[in-house]
Amino acid sequence: MTRPTAARPADGPAPAPGPAAPVVEPRPHPDPTPAARRRALLAEPPFGEVFTDHMVTARWTPDDGWGRAVLEPFAPLRMSPAAVGLHYGQSVFEGFKAYRRGPDRAVVFRPADHGRRLAASARRMAVPALPTDLFTAATEALVRADLDWIPEGDDRSLYLRPVVFADEPHLALRPARSYLFLLLAFPTGNFFTGGQRAVTVAVSEEYVRAAPGGTGAAKCGGNYAGSYLAQEEAARRGADQVVWLDAVERRYVEELGGMNLFFVHGEGDRAELVTPPLTGTILPGVTRDTLITLARDRGMRVSEAPVSLADWREGCARGRITEVFACGTAARVTSVGKVLTGDGAWTVGEGVPGPVAGRLSALLAAVHRGEEPDPHHWCHVVDRSAPGGRAGRERG
Ligand code: COI
């Protein structure tokens with residue numbers, strides 16, 4: 001017997017249209033950067049210093065929730081010196097990228113996933129979550145308006161920086177009643193200076209980044225400010241980045257600066273990846289998830305398991321750990337060459353970028369450029385020559 005289905009008959013009423021995608025009101029820059037000046041700025045873009053012509057803003061109030069988003073000229077803000085976000089750090093942010101795919105086309109990598117992570121960070125910091133469709137609409141509007149700011153070439157992209165912060169002027173200790181969302185963009189090349197090299201890292205024995213029950217899994221400003229002192233100490237010891245250990249036992253490796261870490265066990269076809277599990281103190285990196293998926297799709301074994309500092313040292317000494325690399329949106333895939341601790345230093349593999357990191361990095365770049373299939377629908381196309389400026393979307 002065939003069971004009746006919920007499908008409407010061919011001549012039945014059309015389903016009610018879903019909610020319309022949020023519209024971003026365009027108030028374009030009256031005097032954008034001249035093309036020659038923009039091209040000069042794109043030649044060697046420093047990280048996070050030169051911003052594009054526009055930004056998207058939206059405001060949250062208790063009565064209206066998230067209101068209309070506006071695309072407007074990038075400009076300084078006017079706000080009260082008593083804004084909550086300035087004093088108590090009620091502020092969350094994201095980082096993701098758009099890549100050039102021709103004169104009128106770009107792809108944004110996993111915007112909906114970044115929108116969802118921003119919402120998760122917001123919940124942890126008692127900030128009203130921005131709806132993912134508003135986040136995506138803001139992204140499309142900014143990338144379309146500033147597409148000419150996306151540099152061409154390998155390792156070049158447009159970094160997108162959304163931030164949501166409390167701007168209500170009050171200094172009592174309670175969550176604010178007014179918030180501002182800003183989406184900014186800047187062209188970028190390599191995060192680390194000195195080209196593709198393996199970085200030196202120093203383990204922080206004094207400070208911790210995150211504790212159980214804390215905010216380690218949220219992308220909030222305080223996590224980064226709290227890391228600067230340890231980062232400065234690492235730099236004084238001659239390292240590029242600081243390695244964070246768990247707060248309880250000070251034994252297990254958690255993150256590297258603002259990046260997730262991967263350990264390569266074995267070599268060649270038998271190489272396996274191990275990365276620390278997301279237990280609440282580690283940021284759930286979108287690049288981390290992308291690399292896990294790309295590796296598994298290609299038949300590589302990937303485990304999420306704790307890695308102690310002692311395992312790291314011994315694994316390198318015995319040749320069991322052949323490579324270690326970090327990943328993040330800004331730094332992409334970065335090999336670790338040398339580890340400094342208060343109790344001695346060691347080299348990882350040959351101390352240079354390894355083949356597994358190289359393969360995964362090339363694969364990731366090929367997905368960004370559209371030279372590899374995109375079965376997970378990570379690439380969200382923005383096409384300013386298409387009607388509505390859009391040609392295809394990431395799932396989600
Ligand atoms: C990223 O990888 O995009 C990060 O979040 C690091 C950033 C804070 C520079």
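Quick note: residue numbers are just sequence positions, from 1. We count ligands from 1, going down the list as the structure has it; atoms in each ligand are counted the same way. Note that these values count all heavy atoms, side chains included, but never hydrogens, waters or copies made by symmetry.
A heavy-atom separation below 4.0 Å is found between K219 and ligand 1.
Ranking the protein heavy atoms by distance from atom 8 (C) of ligand 1 puts Y224 CE2, 3.6 Å first.
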Practice problem: Please report the C-alpha distance between T341 and D343 in whole Å, then the side-chain angles of each, then the deciding distance to 0.1 Å, and finally whether the side-chain hydrogen bond (donor to acceptor under 3.5 Å, both in side chains) criterion is met. | Solution: CA-CA 5 Å; T341 72; D343 184 28; 5.3 Å; no
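Ring-centre distance between F96 and Y159: not below the 6.0 Å cut-off. With ring centers used as reference points, F74 lies 6.0 Å or more from H54. Taking the six-membered ring for Trp and the full ring otherwise, F165 and F181 have centroids separated by 6.0 Å or more.
Every atom of ligand 1 with a heavy atom of G328 under 4.0 Å away is listed here by number and element: 2 (O). Against a heavy-atom cut-off of under 4.0 Å, A330 is close to the following atoms of ligand 1: 1 (C), 2 (O), 3 (O).
At a heavy-atom distance under 4.0 Å, only side-chain atoms of Y159, from C-beta outward, approach ligand 1.
The two residues G257 and W244 have their closest heavy-atom pair at O-NE1, 3.4 Å.
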